[in-house]
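Residue numbering restarts at 1 for every chain, and letters A, B, ... go by the order of the sequence lines.
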Protein chains: 2
Amino acid sequence: MSDAHRLLERISALFRAQLRRVSTEHGLKLVQLEALVYLDSANRYSDTPLALAEYLALTKGTVSQTLKALESSGLITKTPDEQDRRVQHCAVTAEGAAIVADALRIPADDGAPGLESALRSVLRSLQHSADARTFGVCNSCLHHQIEGGRARCGLTGEPLRKADRVKICREHEPVPLRT
Amino acid sequence: MSDAHRLLERISALFRAQLRRVSTEHGLKLVQLEALVYLDSANRYSDTPLALAEYLALTKGTVSQTLKALESSGLITKTPDEQDRRVQHCAVTAEGAAIVADALRIPADDGAPGLESALRSVLRSLQHSADARTFGVCNSCLHHQIEGGRARCGLTGEPLRKADRVKICREHEPVPLRT
DNA sequence: CCATTAAGTTTCGAGTCGAAACCATGAAGA
DNA sequence: TCTTCATGGTTTCGACTCGAAACTTAATGG
């Protein structure tokens, strides 16, 4: 029964070992690469230092330093929010995106047909089991609403562009599983 | 197509966030906990500093320090190998094992019936796609042989106890997938 | 307004990280 | 056997990460 967690640990470790290799190739720290990958697929509610801190389970102080390093390397840019001047939106630059693409290129999605669906079901279970934030995409969110062909977030009330709906959101609330 | 890697990244991040929480609870660094988890399920060919370095994709120098810290905290013990006096076997103490158990307790393997098999198939694909070491268990290894009811490692020629066969081995070579 | 809360930054000390030098022990050849 | 080389680990060093806590600035709410 703790078998699932052992498996998870092994999968996680394998993947992370690869991430670590890529990060050192590009002269980055592992955390910096992870931050880059996250920001590259975070929607506008979730591209802030605090959201990243929650995602990585780090303190905001630590994240602040990591982002400072990434910014001075020209891999991200920070722009303050229009409504709330306290929050900073972090965007990945073209150079940063190139590194992300390199990190996520899968060496063999050849011999693995069922891999993606297997991964999806793993992720779904995990999101329901984790006590912490789920960080899912809008499409799988309880707050996601469609009215007359237009997508809307029921939490903020704002309309969602197509690009935002497939990105990670920190406010994500998983739809309850039917049993 | 890089979708699989994004999924993997998310799964990995979710799991790691939990590991990080547990590690800080116990006053450990993330890497220290990861090392502990690995050593707890590594067979006698694989419980050495070098094997751990390969598993985590870290340098042996770095790992040496991490292990020193763990040893002085009383979470592992190091004993030199009988045959080759250069290698050190690292064993997790009872206190260390307790932390591992805590880290791996899954908060809800309730609502997830297919989780384990899904994880297993993910791991299998990963092991075949990774260019690096696979770190599988003997049971799934090319070198694993059974002769007259007795298990043997075809690489070292040595007999395998039951306990060793379900542990992680650094010499693991995945059985080729039939297509 | 003033107090409170919230998002980020800064500072500091402990620890991680990789690179490189180093120390053993084992193996292979002359 | 005496070298020489390879291998498993440790040590040292400088750069960076980490969490905790103090701090800055901006929003919120009597």
Side-chain angles (χ1 to χ4, degrees), chain A residues 16-17 19-36 39 42 44-73 75-90 170-171, chain B residues 16-17 19-36 39 42 44-73 75-90 170-171:
Chain A
R16 206 144 70 81
L19 265 200
R20 184 120 51 186
R21 271 182 278 271
V22 173
S23 69
T24 54
E25 268 174 32
H26 288 278
L28 295 178
K29 296 288 175 179
L30 175 60
V31 192
Q32 297 180 344
L33 180 55
E34 290 179 311
L36 222 47
L39 289 177
R44 61 193 149 129
Y45 305 123
S46 315
D47 57 357
T48 73
L50 206 54
L52 179 56
E54 285 170 359
Y55 186 71
L56 298 177
L58 295 175
T59 61
K60 53 183 183 173
T62 299
V63 165
S64 180
Q65 283 175 289
T66 298
L67 292 179
K68 192 167 69 173
L70 285 178
E71 189 181 23
S72 72
S73 306
L75 301 179
I76 66 166
T77 58
K78 285 194 276 192
T79 54
D81 187 276
E82 287 303 313
Q83 268 70 41
D84 188 337
R85 222 69 64 80
R86 291 172 305 177
V87 333
Q88 300 272 347
H89 292 281
C90 305
R170 61 184 299 210
E171 307 290 359
Chain B
R16 208 142 70 80
L19 267 200
R20 183 119 52 185
R21 272 182 278 270
V22 173
S23 69
T24 55
E25 269 174 31
H26 289 276
L28 295 177
K29 295 289 175 178
L30 175 60
V31 191
Q32 297 180 346
L33 180 55
E34 290 179 312
L36 221 48
L39 289 178
R44 62 193 145 127
Y45 305 123
S46 315
D47 57 358
T48 74
L50 207 54
L52 179 57
E54 286 170 358
Y55 187 72
L56 298 176
L58 294 175
T59 61
K60 52 184 183 172
T62 299
V63 165
S64 181
Q65 284 174 288
T66 299
L67 292 179
K68 193 168 66 174
L70 285 178
E71 189 180 25
S72 72
S73 306
L75 300 180
I76 68 166
T77 59
K78 285 194 277 189
T79 56
D81 187 278
E82 286 303 312
Q83 267 70 43
D84 189 336
R85 221 68 65 80
R86 290 172 304 179
V87 334
Q88 299 273 346
H89 292 282
C90 305
R170 62 184 298 209
E171 307 289 0

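- Regarding contacts with the backbone of dG8(D), every side-chain N or O of Thr48(B) stays at 4.0 angstrom or more from both OP1 and OP2.
- Residue Leu28(B) contributes atom CG, which lies 14 Å from atom C1' of dG19(D) at whole-angstrom precision.
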Between the protein and nucleotides 24-26 of chain C, list every N/O to N/O distance that falls short of 3.5 Å.
| from | atom 1 | to | atom 2 | distance (Å) |
| --- | --- | --- | --- | --- |
| dT25(C) | O2 | Arg86(B) | NH1 | 3.3 |
| dG26(C) | OP1 | Arg85(B) | N | 3.0 |

## Note on the structure
Heavy-atom contacts, protein to nucleotides 10-18 of chain C, under 4.0 Å, summarised as B (base), S (sugar-phosphate only) or - (none) per nt, yield BB---SSBB
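- Spacing between atom NE2 of His89(A) and atom C1' of dA7(C) amounts to 12 Å, rounded to whole angstrom units.
- Under the 4.5 Å side-chain criterion, counting only non-hydrogen atoms from C-beta, Thr62(B) is not in contact with Leu56(B).
- Evaluation of the side-chain hydrogen bond (donor to acceptor under 3.5 Å, both in side chains) rule for Ser64(B) yields no partner, not counting sequence neighbours.
- Between dA7(C) and Lys78(A), no contact under 4.0 Å exists linking OP1 or OP2 to a side-chain N or O.
- Between the C1' atom of dC16(D) and the CG atom of Leu33(A) lies a distance of 16 Å, rounded to the nearest Å.
- Taking the side-chain contact (heavy atoms from CB on, under 4.5 Å) definition, one finds that Glu71(B) meets it with Ile76(B), Lys78(B), sequence neighbours left out.
- One can place CD of Gln88(A) at 12 Å from P of dA27(D), the figure rounded to the nearest angstrom.
- In this structure, Ser73(B) has no side-chain hydrogen bond (donor to acceptor under 3.5 Å, both in side chains) partners at least two apart in sequence or on a different chain.
- Considering only residues two or more places apart in sequence or on other chains, Asp81(A) meets the side-chain contact (heavy atoms from CB on, under 4.5 Å) condition with Gln83(A), Asp84(A), Val87(A), His89(A).
- A straight line from CD of Glu54(A) to C1' of dG8(C) spans 14 Å, rounded to a whole angstrom.
- Atoms CG (Leu67(B)) and P (dG8(D)) sit 15 Å apart, rounded to a whole Å.
- Distance Glu25(B) CD to dG19(D) P: 13 Å, rounded to the nearest Å.
- Expressed to the nearest 0.5 Å, how far NZ of Lys60(B) lies from CD of Glu54(B) amounts to 11.0 Å.
- By the 4.5 Å heavy-atom criterion applied to side chains, Leu58(B) and Val31(B) are counted as neighbours.
- Remark: Gln32(B) engages Leu28(B), Lys29(B), Thr66(B), Ala69(B), Leu70(B) in a side-chain contact (heavy atoms from CB on, under 4.5 Å) (not counting sequence neighbours).
- Thr77(B) is linked by a side-chain contact (heavy atoms from CB on, under 4.5 Å) to Ala91(B), Thr93(B), counting only residues two or more places apart in sequence or in another chain.
- A straight line from CG of Asp81(A) to P of dA6(C) spans 17 Å, rounded to a whole angstrom.
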